[in-house]
There are 2 protein chains.
Amino acid sequence: MKELTKAEEEIMHVLWEAGKGFVKDLIARLPEPQPKYTTVSTIIRILEEKGFVGHNAYGNSHEYYPLITKETYSEHATKSVMKKYFGGSLNRLVSFFVDKNDISDKELEELQKIIQKNQNP
Amino acid sequence: MKELTKAEEEIMHVLWEAGKGFVKDLIARLPEPQPKYTTVSTIIRILEEKGFVGHNAYGNSHEYYPLITKETYSEHATKSVMKKYFGGSLNRLVSFFVDKNDISDKELEELQKIIQKNQNP
DNA sequence: GTTTTTTAACTAATTTTTTAGTTTTTATTT
DNA sequence: AAATAAAAACTAAAAAATTAGTTAAAAAAC
């Protein structure tokens, strides 16, 4: 899986949130300072080259949409961090935050339930 | 917290693993193709500017060591991914992988124990 | 139908990151 | 002490990423 650069990732997040959009729509959803039309257009072109984005043409207008789901890229990005910092182990990642007492009791309880639901008896 | 670029992160991983080292020691620990001395030296200089690395001088030689622990940067990097892809929630991250059946039964059991140990009765 | 506006494609410029070369300083060897 | 070697500092170059400008084509307004 190709990596997204920072600027590319930001555009993808907008596309994932919006589902689809013309360049001007994407700009409208970006925080200040909003980039120039041409800047976003360039990034979109690269994203199409990389296979992350597709488009429907309406005359000269292009409506862009994600070809890779947020879930797919989430998995990639998370596994990458997990590999670099936790030997690829989810348990080590969770231990890290639990040991830090970064997680509230309520959250811990929820977490128990999440796991129990998926455990085979 | 300043972000590490890819090359910077690789050097930091070597320093975290080794604890400390001269440039030539760091190069020795890097996989093929090993970068030039001057390349590593430049990256180290930038890491010192950014406050990630310090050094002890022995004459003209510098022995470098991390100023930021792997744990500190781990937390930053993981929270960054968690924020971008899981609304900042560890539970949503765990759910994601558990729902995917990416985690073996043995690991799930371990995970239960980790959480139980940290739960207040 | 011509003018104006909008859009994307193409190109260029800037900035950041990465890699490498040269010079200077210090240490080591003879 | 002079020659050689090793290291860091400094500088430069190349590559990648980001931002922006120009042009050409299509659509909309008049």
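Order of the sequence lines sets the chain letters (A, B, ...), proteins ahead of strands, with each chain counted from 1.
- Under 4.0 Å is where a charged nitrogen must lie from a carboxylate oxygen, and between A:Lys79 and B:Asp102 at least one such pair does.
- Toward the 5′ end of DNA chain D lies the nearest nucleotide of B:His55, the other residue of the pair B:His55 and A:Gln34 mapping further downstream.
- Base contact: A:Thr39 has a heavy atom under 4.0 Å from a base atom.
- Atom P of nucleotide C:dC10 and atom NE2 of A:His62 are separated by 11 Å, given to the nearest angstrom.
- Sorted by residue number, the members of residues 7-32 of chain B with any non-hydrogen atom under 4.0 Å from DNA chain D read B:Val23, B:Lys24.
- Remark: aromatic rings of A:Tyr64 and A:Phe22 are distant, center separation not under 6.0 Å.
- For B:Lys6 and C:dT17, the NZ to C1' distance is 12 Å, given to the nearest whole Å.
- Salt bridge annotation for B:Lys6-A:Glu3: absent, with no cationic side-chain nitrogen under 4.0 angstrom from a carboxylate oxygen.
- The distance between atom OH of B:Tyr64 and atom P of D:dA7, rounded to the nearest whole Å, is 11 Å.
- Two residues are said to be in side-chain contact when any heavy atoms from C-beta on lie closer than 4.5 Å; B:Phe52 and B:Met1 meet this criterion.
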If the sugar-phosphate is the primed atoms plus P, OP1 and OP2 and the base is the rest, what is the B/S/- string for nucleotides 22-30 of chain D, using protein heavy atoms under 4.0 Å? B--BSS---
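- Remark: A:Asp25 engages no residue in a salt bridge (Lys or Arg N to Asp or Glu O under 4.0 Å) (not counting sequence neighbours).
- Between B:Glu17 and B:Lys70 there is no salt bridge, since no side-chain N of the basic residue sits under 4.0 Å from a carboxylate O of the acidic one.
- Residue pairs meeting the salt bridge (Lys or Arg N to Asp or Glu O under 4.0 Å) criterion with at least one member in residues 108-119 of chain B: none, sequence neighbours excluded.
- Taking the side chain as every heavy atom from C-beta outward, A:Leu67 and A:Val53 never approach each other to under 4.5 Å.
- Atom pair A:Lys36:NZ and C:dT7:P shows a separation of 16 Å (rounding to whole Å applied).
- Every residue was checked against the salt bridge (Lys or Arg N to Asp or Glu O under 4.0 Å) condition with A:Glu10, not counting sequence neighbours, and none meets it.
- Checked against the 6.0 Å centroid threshold, B:His76 and A:Tyr85 do not count as a close aromatic pair.
- Interface residues of residues 41-51 of chain B facing DNA chain C, ordered by number: B:Thr42, B:Ile46; criterion, heavy-atom separation under 4.0 Å.
- Side-chain contact of B:Glu63 with B:His55: a donor-acceptor pair under 3.5 Å is absent, judged by distance alone.
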